[in-house]
Q: 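Got a structure for you, written out below as structure tokens; questions coming shortly.
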Protein chains: 2
Amino acid sequence: MANARLDEGDKRELSEAEALVEADRPRRPTRARRKNADGEPADNNIDILDVAAQCFMEMGFQGASIDDVARRLGATKGRIYHYYRSKTDLFFDVHREGMRRLNEAVHAAMQTGSTGRETLHAMLEAHALTMLQNIAYLAVVVQGVHMHRLGATTLAQRQVLDEIMAIRRDFEHLFIDVFRRGQEDGSIRAENASIAVKGMLGAVNWTAIWYRPRSGETLEHKQKIARELATRQVEGII
Amino acid sequence: MANARLDEGDKRELSEAEALVEADRPRRPTRARRKNADGEPADNNIDILDVAAQCFMEMGFQGASIDDVARRLGATKGRIYHYYRSKTDLFFDVHREGMRRLNEAVHAAMQTGSTGRETLHAMLEAHALTMLQNIAYLAVVVQGVHMHRLGATTLAQRQVLDEIMAIRRDFEHLFIDVFRRGQEDGSIRAENASIAVKGMLGAVNWTAIWYRPRSGETLEHKQKIARELATRQVEGII
DNA sequence: CATTAAACATACTACTGGGTATGTTGCAAT
DNA sequence: ATTGCAACATACCCAGTAGTATGTTTAATG
């Protein structure tokens, strides 16, 4: 959860001493000060992340302004810039949190199943369900993927973007590896793991476009959609 | 190809006479004046559309500026605003052209195949190939779909957006109908046509995210990818 | 109780980008 | 040849926006 250093290499140079101070004083406090009577962590930042995810999903990175996010928080820019050095920083932190949840769910599913096909099925279903349960965060993740070729980013941000894309590649390789395992144990007959996986992930990721939770939607309903999507990708429509 | 009227209902009211004049004088001339020696139509607007599609694909609707598009054209804003009343107008015209090409290809594929499954397979493959061949236009189409909930549009634009979404819904129903036909003739066993189709279209549309043509890429290679994607969606990976 | 720093809010700056108002040029019909 | 209009280019306006500099309040700490 450490705040990644974006926008480094600015015009303003940091002396070595300043850099050390910067390193020792975390930009985001480890513990919240306010309203700790009930013992809850009261993590103030999750509010910002949630609202930011919502705004970025609805209006896109360029379309959503910092003021938009602040307004929805019932606050002003000051609050956001107290925790994040830039809009890009905020966006990527949402992205990172989304990828974290996704990785968590998929890794758990990787432990299940015996054949490669069964494991892959479980991973797809977990992926889909996580999408439906965290649609705002994952919509931002999808945007971030699309953002890859956004040449107009500053040099320092590009480093972070590459890190994100590396995580993304690793994630995709999780599926490809299990796919190959399925080819070897005979549970998967299809060839060309790369394209097959891209198609399957596309079918699941596409939920970021069309799915919006109905009010009062039950978990069972989401599970049903996730199961249906995963099953179709494995078994086809025959 | 007629330029849809966006931004109507402005503060400036049109008298009835003015409205008639507006209707008689096409905003985009039916024929180009310049360099017609060789008899070619020399449609100046296709240049603008092509470049705009490229810019919107790379930087997104909000990210790409009119000046960006103009710069790539080796021109200035003036040229673009001579043909399009607003940035939104330009975007939707790219979108419309993309959907037109897509519809054309899919409708042609609908005439082939005997069983519902075979027809659906052909439609998916045609869809995928069209994506790969017109990635810029279709990336804009994908963006447009995502744009649906972009609450911040003016009232008049919303009307056009609804028109676009209606076309989109019709397009999706093409696949759902053929899917149901396949269920009836026994060539398709899967249930829940709606979710199944959303998954299949997702797998194909996702190419807008990951696919970028390699230089010197052959048509055969694109066909191979399209065929692979379509086959996987029909037969699964078993 | 004084000090200190976190956690914001306020006010401001500089700049971008959509849109417009107004030229300028060249072809074409009269 | 003159007029008229399409097809642009130039120059400008202004609203919005990322980012900053500077207050102000509150809570923990010595």
Side-chain angles (χ1 to χ4, degrees), chain A residues 3 6-8 10-12 21-22 24-37 42-48 51-52 55-56 59-71 73-91 152-154 156-157, chain B residues 3 6-7 10-12 21-22 24-37 42-45 47-48 51-52 55-56 59-71 73-91 152-154 156-157:
Chain A
N3 205 354
L6 294 177
D7 290 333
E8 264 180 354
D10 253 355
K11 53 268 169 185
R12 192 173 65 97
V21 170
E22 281 286 311
D24 281 359
R25 180 171 53 114
R27 274 205 95 55
R28 206 185 312 171
T30 50
R31 226 184 308 268
R33 286 271 203 85
R34 287 245 178 105
K35 297 189 177 181
N36 250 350
D43 193 343
N44 286 356
N45 296 104
I46 195 66
D47 295 342
I48 299 183
V51 172
C55 287
F56 285 140
M59 306 187 285
F61 173 69
Q62 318 263 5
S65 74
I66 294 286
D67 288 308
D68 286 334
V69 180
R71 203 174 305 128
L73 277 166
T76 64
K77 275 162 121 77
R79 178 163 172 199
I80 296 176
Y81 277 103
H82 179 68
Y83 293 99
Y84 297 95
R85 310 196 84 185
S86 71
K87 182 183 175 181
T88 313
D89 199 356
L90 174 60
F91 181 83
T153 48
T154 69
Q157 296 173 351
Chain B
N3 205 355
L6 295 177
D7 289 333
D10 253 355
K11 54 268 171 186
R12 193 174 64 96
V21 170
E22 281 287 309
D24 280 359
R25 179 171 55 114
R27 235 84 206 97
R28 208 185 311 169
T30 49
R31 226 183 308 267
R33 287 273 203 84
R34 287 245 179 105
K35 298 188 176 182
N36 251 350
D43 193 341
N44 287 355
N45 297 104
D47 296 342
I48 299 183
V51 173
C55 287
F56 286 141
M59 306 187 286
F61 173 69
Q62 317 264 2
S65 73
I66 295 286
D67 288 308
D68 287 333
V69 179
R71 202 173 307 129
L73 276 166
T76 63
K77 276 169 94 94
R79 178 163 173 200
I80 297 176
Y81 277 103
H82 179 68
Y83 293 98
Y84 297 94
R85 310 195 84 182
S86 71
K87 183 182 176 183
T88 312
D89 199 356
L90 174 59
F91 180 84
T153 48
T154 70
Q157 296 173 352

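These numbers come from a predicted model, not from an experiment. A, B, ... follow the sequence lines: proteins, then strands. Residue 1 opens every chain.
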Q: Which nucleotide in the list C:dA7, C:dA9, D:dA9 gets nearest to the side chain of A:Y83?
A: C:dA7
Q: At their closest point, which heavy atom of B:D68 faces which heavy atom of B:G63, and how far apart are they?
A: OD2-O, 4.0 Å
Q: Write down the atom of B:M59, the atom of A:Q62, and the distance for their closest heavy-atom approach.
A: O-NE2, 4.3 Å
Q: Are the side chains of A:F61 and A:K87 in contact, using a 4.5 Å heavy-atom criterion?
A: yes
Q: Mind calculating the distance between NZ (B:K87) and P (C:dT16) to the nearest angstrom?
A: 15 Å
Q: Could you state the atom-to-atom distance from CZ of A:F91 to P of D:dT17 in whole Å?
A: 17 Å
Q: When the distance from OH of B:Y81 to C1' of C:dG17 is rounded to whole Å, what number comes out?
A: 8 Å
Q: Find the distance B:L90:CG to C:dG19:P and express it as a whole number of Å.
A: 11 Å
Q: Going through the distances and angles, do B:I48 and B:Y84 end up as a side chain to side chain contact (heavy atoms under 4.5 Å, CB included)?
A: CA-CA 10 Å; B:I48 299 183; B:Y84 297 94; 3.9 Å; yes
Q: So does A:H82 get a side-chain nitrogen or oxygen closer than 4.0 Å to the phosphate oxygens (OP1/OP2) of C:dC8?
A: no
Q: Is any side-chain heavy atom of B:V51 less than 4.5 Å from a side-chain heavy atom of B:D47?
A: no
Q: Please state how far atom CD in A:Q62 lies from atom P in C:dC15, giving the value in whole angstrom units.
A: 19 Å
Q: Can you spot which of B:L90, B:N45, B:D89 makes a side-chain contact (heavy atoms from CB on, under 4.5 Å) with B:Y83?
A: B:N45
Q: Reckon A:A70 touches a base, only the sugar-phosphate, or nothing at all at heavy-atom distances under 4.0 Å?
A: nothing
Q: Between atom CZ in A:R71 and atom C1' in C:dC8, what is the gap in whole Å?
A: 18 Å
Q: Between atom CG in A:N45 and atom C1' in C:dA6, what is the gap in whole Å?
A: 12 Å
Q: At a cut-off of 3.5 Å, list every protein nitrogen or oxygen paired with a nitrogen or oxygen from nucleotides 10-16 of chain D, distance to 0.1 Å.
A:
none

Q: What is the minimum heavy-atom distance between A:A64 and A:C55, and which atoms define it?
A: CB-O, 3.9 Å
Q: Between A:D68 and B:I80, which is nearer to the 5' end of DNA chain D once each is assigned its nearest nucleotide?
A: B:I80
Q: Using whole Å, report how far CG of B:D47 lies from P of D:dA7.
A: 13 Å
Q: Closest approach to the side chain of B:R79, judged atom by atom: which nucleotide of D:dA18, C:dG18, D:dC8 is it?
A: D:dC8
Q: Consider the side chain of B:A75, meaning its heavy atoms from C-beta on, and name the nucleotide among D:dA9, C:dA7, C:dG19 that approaches it most closely.
A: D:dA9
Q: Of the nucleotides C:dG17, C:dG19, D:dA9, which one has an atom closest to the side chain of B:S86?
A: C:dG19
